[in-house]
Structure formats: C-alpha cells, structure tokens
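Contents: one structure, followed by commentary.
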Amino acid sequence: DGGITQSPKYLFRKEGQNVTLSCEQNLNHDAMYWYRQDPGQGLRLIYYSQIVNDFQKGDIAEGYSVSREKKESFPLTVTSAQKNPTAFYLCASRPRAGTTDTQYFGPGTRLTVL
Amino acid sequence: GESVGLHLPTLSVQEGDNSIINCAYSNSASDYFIWYKQESGKGPQFIIDIRSNMDKRQGQRVTVLLNKTVKHLSLQIAATQPGDSAVYFCAENPASGGSYIPTFGRGTSLIVHP
C-alpha cells in the first residue's frame, strides 16, 4: 500500500445520501486516480488529476465528483446521482503526470448502499 | 476499443508447482506492462513490470515474458506458495497520449492448495 491511505475501510450509505471517500498520499506524487472495482471486472477509471486544482473525468464519472486542493489529497464524493454505487473503490497515485510511471494503489474502501 | 484480457479466470495449483498466468493485449502501441497482485479486500500491489524493448524480465520467484508478435504477456511464479493465492491482473500503458492512462485486465484468481 506504500504511502497511500484510504479511509474509511468500510462505508455504508443510505439511498439519497452523498458520501466522501478519503485518499491521502505522502509520496509527493503528482498524479492521483480513482478507480471502481466490481466483481469479475477490471478497474474502471472514475476521475484523475495530474496537478493540483485540475482533474479530468474518466470512463465512468457520472454520479461522482472530486477535488484536488492539495497535492497529497484527492477525495471522491459519491453523490445520490450514482445509481449503483456499491463497489470497491481504489485510489492510486503516480510519481510524474504524463508518464508511464507505475501506479501505486491504496488499500481501498468498500462502499455498500443499504 | 482496445482491451486487455486474461485467458483463464481461475488457476488452481499445488504448493510447490510453478504457475503461469496469461494476458492478451490488443493495443500494439502499448509499450509498458505491469503485473499486479491483489489479495482479497486489499489494494493491488505491484509485482513486476516490463517495457516493450524487452522480452523477459525476472524478479524474485517471478518472471514476466512479453511476446509482441502475438501481443501476449505472461507471469510465471516459481515454487508457488499458499501466500501467492490472490487475483493477478495485468495493465498496459499506451506509448502516447498525454495522460497515459493504463488499461487493466479482469484478473485471474490463483488458488494454491497446500
């Protein structure tokens, strides 16, 4: 897991609620990413950020929002607009943006909608 | 679109055997490949990587082979141990594109029987 932390480990949400997943890294990495993992599927990119105060949508951004106010933090908000949010969420970081540097992952947050 | 896939969803081996996990990729422009190991409920961990100018790379008990002719990648684990039980997936990184977002395979579940 390196220097990437995610919290909480488990999160339960009632329908109609927004929830925010935390991702922090102390690796001084430029780029950060959010992925969603569902059983039997590969990682799907939600959002990514290559620099502070800038981020781009990934393949499945609808119903999610992010911010990158600090280099070390990239929180993900799952909004009520996300119709099927139950999944395992993974945050990753990469040393240098715009390169093929290896991505390193956090331990994940499992979100369950009640 | 381009995709990364795995031939076998589940591989069962006996402790001490060698394991081979395969991955096919379709983007001939990809030039950097990574294997990750993901234990249940945890984030993916980097195992080994290889660039397209290489055919083989060895680590501790692991070897990655790259066959660019048939766009095939494999991960070999020597003397497989119960602790190797996990999902293994490959990722390919494009050689161009400003964001260099990797594409991930669905994964192969490796089960090691004592």
Side-chain angles (χ1 to χ4, degrees), chain A residues 1-10 21 23 25 27 30-51 54-61 87-112, chain B residues 1-10 21 23-27 29-54 57 59 64 73 86-109:
Chain A
D1 299 337
I4 304 173
T5 58
Q6 291 185 243
S7 62
K9 185 173 177 62
Y10 299 99
L21 284 59
C23 178
Q25 53 99 0
L27 303 168
D30 289 337
M32 297 185 74
Y33 307 80
W34 274 106
Y35 291 93
R36 171 179 171 141
Q37 187 175 39
D38 293 283
Q41 298 189 34
L43 302 181
R44 293 187 290 168
L45 182 66
I46 304 172
Y47 268 98
Y48 66 100
S49 169
Q50 300 194 88
I51 193 170
D54 188 49
F55 48 83
Q56 286 78 41
K57 293 182 178 180
D59 300 321
I60 56 166
F88 191 50
Y89 290 87
L90 288 162
C91 178
S93 68
R94 176 182 256 173
R96 298 172 299 166
T99 70
T100 55
D101 287 351
T102 301
Q103 286 186 333
Y104 295 94
F105 288 87
T109 291
R110 185 165 298 281
L111 174 63
T112 303
Chain B
E2 302 288 355
S3 64
V4 175
L6 296 174
H7 293 310
L8 298 174
T10 303
I21 300 171
C23 177
Y25 66 95
S26 56
N27 187 351
S30 294
D31 73 343
Y32 179 53
F33 305 86
I34 304 168
W35 279 101
Y36 290 95
K37 172 186 180 182
Q38 186 176 21
E39 297 178 28
S40 181
K42 297 184 179 180
Q45 294 177 291
F46 171 89
I47 301 174
I48 192 168
D49 59 0
I50 189 168
R51 295 206 176 267
S52 59
N53 60 352
M54 303 173 68
R57 190 166 188 212
V64 56
L73 193 69
V87 172
Y88 292 81
F89 59 89
C90 62
E92 60 172 322
N93 287 268
S96 61
S99 59
Y100 295 89
I101 301 296
T103 300
F104 296 90
R106 290 183 294 116
T108 291
S109 176

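Side-chain atoms are counted along with the backbone in the values below, which use heavy atoms only and exclude waters and symmetry mates. A note on names: the letters A, B, ... follow the listed sequences, proteins ahead of strands, and every chain is numbered from 1.
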Q.
Does any part of the side chain of Arg94(A), heavy atoms only, come nearer than 4.5 Å to the side chain of Tyr100(B), both counted from C-beta?
A. yes
Q: Could you tell me which non-hydrogen atom of Gly41(B) sits nearest to which non-hydrogen atom of Lys9(A), and how far apart they are?
A: O-NZ, 3.5 Å
Q | Which of Asp49(B), Asn93(B), Val87(B) touches chain A most, by non-hydrogen pairs under 4.5 Å | A | Asn93(B)
Q: Identify which part of Leu43(A) has an atom lying under 4.5 Å from any heavy atom of chain B, answering side chain, backbone, both or neither.
A: both
(Q) Asp59(A): which residues meet the side-chain hydrogen bond (donor to acceptor under 3.5 Å, both in side chains) condition with it, sequence neighbours left out? (A) none
(Q) Between Thr102(A) and Tyr36(B), is there a side-chain heavy-atom distance shorter than 4.5 Å? (A) yes
**Q.** Contact summary for Lys42(B) and Phe88(A), nearest pair of heavy atoms
**A.** O-CE2, 3.6 Å
Q) Side chain, backbone, both or neither: which part of Gln37(A) has a heavy atom under 4.5 Å from chain B? A) side chain
Q: Indicate the ring-plane relationship of Phe46(B) and Tyr104(A), choosing parallel, tilted or perpendicular according to the 30° and 60° boundaries.
A: tilted
(Q) Would you compute the distance between atom OH of Tyr32(B) and atom CG of Asp101(A) and round it to the nearest 0.5 angstrom? (A) 7.5 Å
Q.
Restricting to non-hydrogen atoms, name the atom on Leu90(A) and the atom on Gly43(B) that form the minimum distance, rounded to 0.1 Å.
A. CD2-CA, 3.7 Å
Q: Using a cut-off of under 4.5 Å on heavy-atom pairs, state which of Ala31(A), Gly108(A), Gly42(A) scores highest against chain B.
A: Gly42(A)
Q: Answer yes or no: does atom CZ of Arg51(B) have more than 12 heavy-atom neighbours from other residues, nucleotides or ligands under 6.0 Å?
A: yes
Q: Would you please name every residue forming a side chain to side chain contact (heavy atoms under 4.5 Å, CB included) with Ser49(A), sequence neighbours left out?
A: Phe55(A), Arg68(A), Phe74(A)
